[in-house]
Amino acid sequence: MKTTVGIVGAGPAGLTLALLLRAREIDSVVLERRDRSYVEERVRAGLLEQNTVDLMRELGVAARLDQEGLPHDGVYLRWQGQTLHIPMTELTGRTITIYGQQQVVRDLIDACGERGIEVRFEVEDVAVHGLDSDSPHITFAGEGGEERLDCELIAGCDGFHGVCRPAIPAGVLTEYEYEYPFGWLGILAEAAPTTDELIYAWHEHGFSLYSMRSPEISRLYLQVPADEDIADWPDERIWEELQARLGVDGWRVGEGRIFDKGVTPMRSFVCEPMQFGRLFLAGDAAHIVPPTGAKGLNLAVNDVRLLAAAMGAHFADGDDSLLERYSADALRRVWRAQDFSNFMTQLLHRLDDGEPFGARLQLARLEQLKRSEAARRNLAENYVGLPAAPDF
Ligand code: FAD
Ligand code: PHB
């Protein structure tokens, strides 16, 4: 097989890139290890920045998002019985939208199908070759045995555990990593949210987040130790802990049947540069943020926005200046998001270092958010995401 851009991974990054390239009349093939229903049902992020929503609209894939997405004007911070509303839209003029990553991925796969973009699911043993040569190619095991995809450029959109980043020779990449000693236990429940906005809660027992997917479905998270066994969390214990951490006098979290639960470890990771020869990394393949800042999916979409523009200039005009700058341009937003995600994580999670000092600093920072509009505005600007720019 032959195509112009070979894309590894059918997550938000790979699928969005394929659609952005098609809009520039550049062909691509997407290779995905899992089957379609696995990819469409994987429960993950839920909060879209305005940049992400704008891009989905530009691509013409936002019909369902515009109908079913829940626009939000702010979030609440809650600690020690106090609740502070951060009015994001009032402070920044921008909005955030709740719309599950599952829905995003489903819409993107449908659009690829409608536009004749080939997405090959269930391909095994994907390997990338000739990255610093004139003939990069991808091999994989498909239905007909070993296959080969020749391409001009390769996009590694295969997530943190993919094969593209490890295919870069040793010594090329610098990797920055921080593993947090805690993770998030996340649930989906058939329960109408009893809050109008997301609630990020600081509590002596640990962090908790109240989010949602629809007027009937709640998405909730609890900070737990990184190696926590989900078997130790029967449903009653989960609700009890959510009520303890999120509840306030006269108000409770709405309960209902839990139909999905899992524990995700938390990590910060960046590799630099996000390129080697003709291989360009995007999304989780190149960086991971802790979810407290709700940035993972949005960063993945931003990477491919920059990458598609750069590939467009390469194929249309033979102009490689944007491709050469791709890594530096993408990393600017990646590091901004790393810093903000780390800030939100350190502000709200129980630090478990045996010292009460950290908790007092957290309370001082929360108090400052209550007192200072400048502090609230800074948080809001980071949370909603600065406007997209050609170099950011
Ligand atoms: P992915 O979505 O990981 O997509 C990569 C794709 O590549 C996958 O479909 C994978 O199957 C495929 N692939 C992998 N290896 C190969 C291979 N060898 N060959 C072919 N295909 C391959 N972010 C938030 O903002 N909030 C959250 O609550 C949140 N929760 C998360 C929970 C979990 C369990 C995880 C893993 C991530 C979570 N994230 C969250 C992060 C967010 O979901 C990611 O940032 C986002 O999915 C990144 O998109 P991506 O396309 O770069 O990678
Ligand atoms: C979610 O709805 O899954 C969600 C929202 C905000 C976050 C993380 C996850 O910070």
Side-chain angles (χ1 to χ4, degrees), residues 6-18 30-36 38-49 52 70 72 75 96-102 104-105 108-109 119-128 138-142 155-167 183-188 193 197-200 207-214 217-221 260 262-267 269 274 281-304 334 337 340-341 344-345 348 383:
I7 300 176
V8 186
L15 294 164
T16 305
L17 179 62
V30 184
L31 300 174
E32 167 61 48
R33 189 163 57 111
R34 303 285 190 170
D35 64 44
R36 178 171 177 167
Y38 182 95
V39 171
E40 290 185 343
E41 280 158 30
R42 198 162 34 193
V43 178
R44 286 187 170 176
L47 193 127
L48 308 187
E49 291 178 1
T52 302
L70 307 172
H72 283 240
V75 301
I96 45 183
T97 303
I98 285 287
Y99 189 65
Q101 182 168 332
Q102 287 162 285
V104 173
V105 166
L108 295 172
I109 291 175
V119 183
R120 292 275 300 265
F121 291 97
E122 294 183 82
V123 298
E124 285 176 20
D125 303 329
V126 172
V128 292
I138 308 176
T139 54
F140 58 96
C157 302
D158 50 348
F160 185 68
H161 300 288
V163 293
C164 290
R165 192 182 66 252
W184 280 14
L185 187 162
I187 63 160
L188 281 168
E197 308 268 40
L198 271 61
I199 305 173
Y200 288 79
F207 171 71
S208 186
L209 170 62
Y210 198 158
S211 182
M212 60 208 72
R213 286 294 176 269
S214 75
I217 308 280
S218 296
R219 173 80 167 145
L220 291 132
Y221 298 96
D260 185 275
V263 175
T264 313
M266 284 170 67
R267 151 185 307 122
F269 174 86
M274 292 167 55
L281 301 176
D284 280 17
H287 43 74
I288 297 279
V289 285
T292 330
K295 293 289 168 208
L297 169 60
N298 297 295
L299 278 182
V301 169
N302 192 65
D303 286 351
V304 297
V334 167
F340 177 65
S341 303
M344 287 290 280
T345 303
L348 295 164
Y383 192 84

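For ligands, and for the atoms within them, numbers begin at 1 and follow the listed sequence. The first residue of the sequence shown is numbered 1, and numbering continues consecutively from there. Computed over heavy atoms, backbone and side chain alike; hydrogens, waters and symmetry mates excluded.
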Participant: Which protein non-hydrogen atom lies closest to atom 5 (C) of ligand 1, naming both residue and atom, and how far is it?
Facilitator: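 Checked against all protein heavy atoms, atom 5 (C) of ligand 1 sits closest to C157 O, 3.4 Å.
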Participant: A285 versus ligand 1: do any nitrogen or oxygen atoms come within less than 3.5 Å of each other?
Facilitator: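 No.
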Participant: Quick one: CG on L185 to OG1 on T264, what's the gap to the nearest 0.5 Å?
Facilitator: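 Those atoms lie 8.5 Å apart.
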Participant: Quick one: look up the protein heavy atom nearest atom 49 (O) of ligand 1 and list residue, atom name and how far away it is.
Facilitator: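 Ranking protein heavy atoms by distance from atom 49 (O) of ligand 1, first comes P12 CD, 3.5 Å.
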Participant: Check ligand 1 against R42 and write out every atom of the ligand that is under 4.0 Å from a heavy-atom position of the residue.
Facilitator: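 Counting atoms of ligand 1 from 1, those under 4.0 Å from R42 are 8 (C), 9 (O), 10 (C), 11 (O).
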Participant: Can you report which non-hydrogen protein atom sits closest to atom 36 (C) of ligand 1, along with the distance?
Facilitator: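 Checked against all protein heavy atoms, atom 36 (C) of ligand 1 sits closest to R44 NH2, 3.2 Å.
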Participant: If you have a sec, work out which protein heavy atom is nearest atom 3 (O) of ligand 2 and how many Å separate them, to one decimal?
Facilitator: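 Here the nearest protein heavy atom works out to Y221 OH, 2.6 Å.
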Participant: How far is atom 6 (C) of ligand 2 from its nearest protein heavy atom, and which residue and atom name does that atom have?
Facilitator: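 The answer is Y200 OH, 3.3 Å.
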Participant: How far is atom 12 (C) of ligand 1 from its nearest protein heavy atom, and which residue and atom is that?
Facilitator: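 Going atom by atom, the protein heavy atom closest to atom 12 (C) of ligand 1 ends up being E32 OE1, 3.2 Å.
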Participant: Would you mind listing which atoms of ligand 1 come within a distance below 4.0 Å of any non-hydrogen atom of V163?
Facilitator: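 Once the distances to V163 are compared, the set is 18 (N).
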Participant: I need the contact type for T292 against ligand 2. Using non-hydrogen atoms and a strict under-4.0 Å cut-off, is it side chain, backbone, both or neither?
Facilitator: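 The part of T292 near ligand 2 is the backbone, not the side chain.
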Participant: Hey, which atoms in ligand 1 end up nearer than 4.0 Å to a heavy atom of G283?
Facilitator: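 Taking each heavy atom of G283 in turn, ligand 1 has 52 (O) under 4.0 Å.
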Participant: Examine distances only and state if a side-chain atom of R165 and a backbone atom of A286 form a donor-acceptor pair shorter than 3.5 Å.
Facilitator: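 No, because the side chain of R165 does not come within donor-acceptor range (under 3.5 Å) of the backbone of A286.
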Participant: With a 3.5 Å distance limit and no angle check, can you tell me whether K295 reaches the backbone of Y383 through a side-chain donor-acceptor pair?
Facilitator: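 Yes: the side chain of K295 pairs with the backbone of Y383.
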Participant: Do any nitrogen or oxygen atoms of A13 lie less than 3.5 angstrom from nitrogen or oxygen atoms of ligand 1?
Facilitator: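 Yes, at least one N or O pair falls under 3.5 Å.
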Participant: In Å, rounded to the nearest 0.5 Å, how long is the span from CG of L209 to CG of L348?
Facilitator: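 CG of L348 is found 9.5 Å from CG of L209.
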Participant: Which protein non-hydrogen atom lies closest to atom 4 (O) of ligand 1, naming both residue and atom, and how far is it?
Facilitator: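 Its nearest protein heavy-atom neighbour is G11 CA, 3.4 Å.
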Participant: Verify side-chain contact (heavy atoms from CB on, under 4.5 Å) between Y210 and L220, making sure each step is shown before the conclusion.
Facilitator: CA-CA 5 Å; Y210 198 158; L220 291 132; 3.5 Å; yes
Participant: Taking the side chain from D158 and the backbone from G9, do they hold a donor-acceptor pair closer than 3.5 Å?
Facilitator: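 No, D158 side chain to G9 backbone: no donor-acceptor pair under 3.5 Å.
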Participant: Could you tell me if any non-hydrogen atom of Y38 lies under 4.0 Å from any atom of ligand 1?
Facilitator: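 Distance cut 4.0 Å: Y38 fails for ligand 1.
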Participant: Near L297, which atoms of ligand 1 are under 4.0 Å from a heavy atom of that residue?
Facilitator: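 Listed by number with element, the hits are 45 (O).
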Participant: Report the nearest protein non-hydrogen atom to atom 27 (C) of ligand 1: residue, atom name, distance rounded to 0.1 Å.
Facilitator: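 It is A45 CA, 3.5 Å.
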Participant: Can you tell me which residue and heavy atom of the protein come closest to atom 16 (C) of ligand 1, and the distance to 0.1 Å?
Facilitator: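 Here the nearest protein heavy atom works out to R33 NE, 3.5 Å.
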Participant: Considering only heavy atoms of G296, which atoms of ligand 1 have at least one such atom less than 4.0 Å away?
Facilitator: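 So the atoms of ligand 1 that pass are 25 (O), 45 (O).
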Participant: Quick one: look up the protein heavy atom nearest atom 52 (O) of ligand 1 and list residue, atom name and how far away it is.
Facilitator: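 Protein heavy atom with the smallest distance to atom 52 (O) of ligand 1: D284 N, 2.9 Å.
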Participant: Just distances here: any N/O of Q101 and N/O of ligand 1 closer than 3.5 Å?
Facilitator: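 Looking only at distances, the answer is yes, because the N/O contact criterion of under 3.5 Å is met.
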Participant: Provide the number and element of each atom of ligand 1 under 4.0 Å from a heavy atom of K295.
Facilitator: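 Once the distances to K295 are compared, the set is 25 (O).
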Participant: Right, does atom 39 (N) of ligand 1 have protein non-hydrogen atoms nearer than 4.0 Å?
Facilitator: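 Flag for atom 39 (N) of ligand 1 set to false, no protein heavy atom closer than 4.0 Å.
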Participant: Within this structure, what is the OG-OH distance for the pair S214 and Y99, rounded to the nearest 0.5 Å?
Facilitator: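 Answer for the OG-OH pair, S214 versus Y99, is 12.0 Å.
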Participant: Does R34, backbone or side chain, put an N or O under 3.5 Å from an N or O of ligand 1?
Facilitator: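 No, no N or O pair falls under 3.5 Å.
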Participant: Could you give the distance from CE (M266) to OG1 (T345), rounded to the nearest 0.5 Å?
Facilitator: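 Going from the CE atom of M266 to the OG1 atom of T345 covers 4.0 Å.
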Participant: Side chain, backbone, both or neither: which part of W184 comes within less than 4.0 Å of ligand 2 when only heavy atoms are counted?
Facilitator: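 Side chain only; the backbone of W184 stays clear of ligand 2.
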Participant: What's the spacing between Y221 OH and F207 CZ if we round to 0.5 Å?
Facilitator: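 Here the interatomic distance stands at 9.5 Å.
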Participant: Provide the closest heavy-atom pair for G14 versus V30 in the form atom of the first, atom of the second, distance.
Facilitator: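 That would be O-CG2, 4.4 Å.
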Participant: Under 4.0 Å from a heavy atom of Y221: which atoms of ligand 1 are those, numbered in the order shown and with their elements?
Facilitator: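 Every atom of ligand 1 under 4.0 Å from some heavy atom of Y221: 28 (O).
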Participant: Give a yes/no verdict on whether any heavy atom in Q101 is under 4.0 Å from an atom of ligand 2.
Facilitator: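 Contact check Q101 vs ligand 2: negative.
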Participant: Checking the N or O distance criterion of under 3.5 Å, is ligand 1 in contact with H161?
Facilitator: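 So ligand 1 has no N or O lying under 3.5 Å from an N or O of H161.
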Participant: Students should be able to answer this: which protein heavy-atom is nearest to atom 8 (C) of ligand 2, and at what distance?
Facilitator: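 Nearest neighbour among protein heavy atoms for atom 8 (C) of ligand 2, to 0.1 Å: P291 O, 3.4 Å.
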Participant: To the closest 0.5 Å, what do you measure between CG (L70) and OG (S211)?
Facilitator: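 One gets 9.0 Å once the value is rounded to the nearest 0.5 Å.
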Participant: Answer yes or no: does an N/O atom from R213 fall short of 3.5 Å to an N/O atom of ligand 2?
Facilitator: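 N/O-N/O distance under 3.5 Å: yes.
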Participant: V289 and F340: side-chain contact (heavy atoms from CB on, under 4.5 Å), yes or no, with the steps?
Facilitator: CA-CA 9 Å; V289 285; F340 177 65; over 6 Å; no
Participant: Donor-acceptor pair, distance only, cut-off 3.5 Å: does the side chain of Q102 make one with the backbone of V43?
Facilitator: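 Side chain of Q102 to backbone of V43, a donor-acceptor pair under 3.5 Å: no, none is there.
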Participant: Going by the order shown, which atoms of ligand 1 are within less than 4.0 Å of some heavy atom of L31?
Facilitator: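 Answer for ligand 1: 20 (C), 21 (N).
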Participant: Name the option, out of S211, S341, G296, that contains the heavy atom nearest to atom 2 (O) of ligand 2.
Facilitator: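 The option holding the nearest heavy atom is S211.
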